[in-house]
Amino acid sequence: MNAPLDQHTGLPVVAMVGGGQLSRMTHQAAIALGQSLRVLAGDAAESAALVAADVQLGDHRELADLRRLAEGATVVTFDHEHVPTEHLRALEAAGHRVAPGPAALVHAQDKLVLRRALAEAGEPQPAWAEVATVHQVAAFADEVGWPIVLKTPRGGYDGKGVFVIDGPDEAADLLEEHGALLAEERVAMVRELAAQVARSPFGQVAVWPVVETVQRDGVCNEVYAPAPGLADELASAAQELAVRIADRLGVVGMLAVELFETAEGIVVNELAMRPHNSGHWTIEGARTSQFEQHLRAVLDYPLGSTAMTAPVVVMANVLGGATADADFAGPSLDERVHHLMAHWPDVKLHWYGKGQRRGRKLGHVTALGEELAEVRARAVAAARYLADGVVDPAFAFDDEH
Ligand SMILES: Nc1ncnc2c1ncn2[C@@H]1O[C@H](COP(=O)(O)OP(=O)(O)O)[C@@H](O)[C@H]1O
Ligand SMILES: [Mg+2]
C-alpha cells in the first residue's frame, strides 16, 4: 500500500500519539520540513495541542481513537510509551505504518522484556530478576546485597515506578499493589550517560556524541554534551552498543539508551524509542536535532548530520519551583522571560506552555560554548531563575534590565 501524502502540500503526514512537549518540539521540526504534525492529545491544553493545527482529542488506550489518528497519515509514531502493544498490532494489520513497530517498541514499554532481550543478546546490564513473591525478593537480595531497586515493568516515567528498598517488608506492599516486578541490584555508578541513535527502515543509522545526564529524584535535570572526560573507547563502546540494539530490535526513529557508567564500564538502564530529554540539546547543539531526525527516520528519509555546533553544550530543565506556588510574589513569568533574555542573550529558551506545578517539566534552556564550567553555570542559573525567580549571585542583575 502506498503511504498517503497530504493532498495540499504533497508531503507526508506524521501522526504522533501524545501531546506533550516532545510532540510540540517535533511539530516545530515538522514545520521546517513543510509538514504539520497530526497530534493525538488527551486534552486541548496539552503542550502540542496548543500549537499544532491538526489535533485530535482522544485516548491513546482506545483503538478507535488510534484508528482515527492513523487514517490518512503516512506513519504513526509516539511521544510516550504507553500505547497498548495489541492496538499497535491492530493498526499494522489494517495496513498502517507504525514506527517504531510494536515488536521493537515493547522493549521500551516493558522493562522485563528489555532485560530478557539484553540477556539473550549478551549486552551489559545490572544484575536483575523477575520477582513475584517476598521470598524471591529476599533470594535476589541475598545475591546482590541490600538495598535493591524494584521497578514496575510498565508505565513508569520520571522515576515513578522506581523504588529503592532496604528490606523484604517494603517489597510486600509493592508486590501487593503492582504484581510481578523487576528487581535490580542498586548499581554503584560513577554517573549516568545516554547514547542516542536514529535508525531508518532502510537501515541507515546516525549517532550523536554520548552525553552525561544528571537526574534528581529520578527526573532529568541537566545534560552535558559531550559527556565530560569520557574516555574515547568508552564513548565508542556506548555508541556501538546503541547501534547494535537499534539494529537487533529493528528500531525505526529515535532510540535513547540510558546507561550507567561504573568503575568497570557501562551497563544499560533502559530504552526510549522517541525523542528523549537527553537529546534536547541537539536543537541548537547539533546540525540535526533529534526531533527532525525522528521525522526523517520514521519517513525513511536520509538522516541528517549529527555534528555538534559548539565544543560544549549544556541543557538544563526548568522544573516547576517557587514560581509555581500560588503565593509567589516575585517577577511574573513574562518578566522572568524578559530578564532572562536581557541577561543571557546567548541562552536559548524552550517553554512548553504547560500549567505550572512544583516539579513539573515546564521548559528547558540550552547554552553553548567552549568550557563546561562556564557553559553549565549560565544554563543552570538561567533555568533556576525561571523556576524559582532567584538570581544566582554570580550573575547579579543590575537595575537597567
Ligand atoms: N538499578 C539501579 N541502580 C541505581 N539507580 C537506579 C537503578 N535503576 C534506576 N536508577 C535511578 O532511577 C532513575 C529512574 O529509573 P528508570 O529505570 O530510568 O525509570 P524511568 O522510567 O522513571 O526513567 C535512573 O535514571 C537512575 O537515576
Ligand atoms: Mg529512565
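As the structure lists them, so they are numbered: ligands from 1, and atoms in each ligand from 1. One is the number of the first residue; the rest follow in order along the sequence.
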N/O/S atom of Glu258 inside 2.8 Å of the Mg ion (ligand 2), strictly under
yes
Quick one about Lys361 and Gln21 (side-chain donor to acceptor, distance below 3.5 Å, no hydrogens or angles considered), yes or no?
no
Without placing hydrogens or testing angles, list every side-chain donor-acceptor pair under 3.5 Å for residues 293-300, not counting sequence neighbours.
residue	atom	partner	partner atom	Å
Gln293	OE1	Gly304	N	2.7
Gln293	NE2	Gly304	O	3.0
His294	ND1	Met254	N	3.0
His294	NE2	Thr77	OG1	2.8
Arg296	NE	Glu292	OE2	2.9
Arg296	NH1	Pro302	O	3.0
Arg296	NH2	Glu292	OE2	2.9
Asp300	OD1	Phe202	N	3.1

Side chain proximity check, Val17 to Leu69, heavy atoms < 4.5 angstrom
yes
Which donor-acceptor pairs under 3.5 Å do the side chains of residues 134-146 make with protein atoms, sequence neighbours left out?
residue	atom	partner	partner atom	Å
Gln136	OE1	Ala132	N	2.6
Gln136	OE1	Thr133	N	3.2

Can you name the N, O or S atom of Glu270 that is closest to the Mg ion (ligand 2)?
OE2
Which protein N or O atoms sit under 3.5 Å from any N or O of ligand 1? Give each pair with its distance.
residue	atom	partner	partner atom	Å
ligand 1	1 (N)	Glu184	OE1	2.9
ligand 1	1 (N)	Glu185	O	2.9
ligand 1	3 (N)	Val187	N	2.9
ligand 1	8 (N)	Lys151	NZ	2.9
ligand 1	17 (O)	Lys111	NZ	3.2
ligand 1	17 (O)	Lys151	NZ	2.7
ligand 1	18 (O)	Glu258	OE1	3.0
ligand 1	18 (O)	Asn269	ND2	2.8
ligand 1	18 (O)	Glu270	OE2	2.8
ligand 1	19 (O)	Lys111	NZ	3.1
ligand 1	21 (O)	Lys111	NZ	3.0
ligand 1	21 (O)	Glu270	OE1	3.4
ligand 1	21 (O)	Glu270	OE2	3.1
ligand 1	22 (O)	Asp158	N	3.2
ligand 1	22 (O)	Gly159	N	2.6
ligand 1	23 (O)	Glu270	OE2	2.8
ligand 1	25 (O)	Glu192	OE1	2.7
ligand 1	27 (O)	Glu192	OE2	2.4

By salt bridge (Lys or Arg N to Asp or Glu O under 4.0 Å), which residues pair with Glu185, not counting sequence neighbours?
none
Under the side chain to side chain contact (heavy atoms under 4.5 Å, CB included) rule, what do Val211 and Tyr224 come out as? Steps first, then yes or no, please.
CA-CA 6 Å; Val211 300; Tyr224 314 138; over 6 Å; no
State, with a plain yes or no, whether a side-chain heavy atom of Leu319 is found less than 4.5 Å away from one of Asn221.
yes
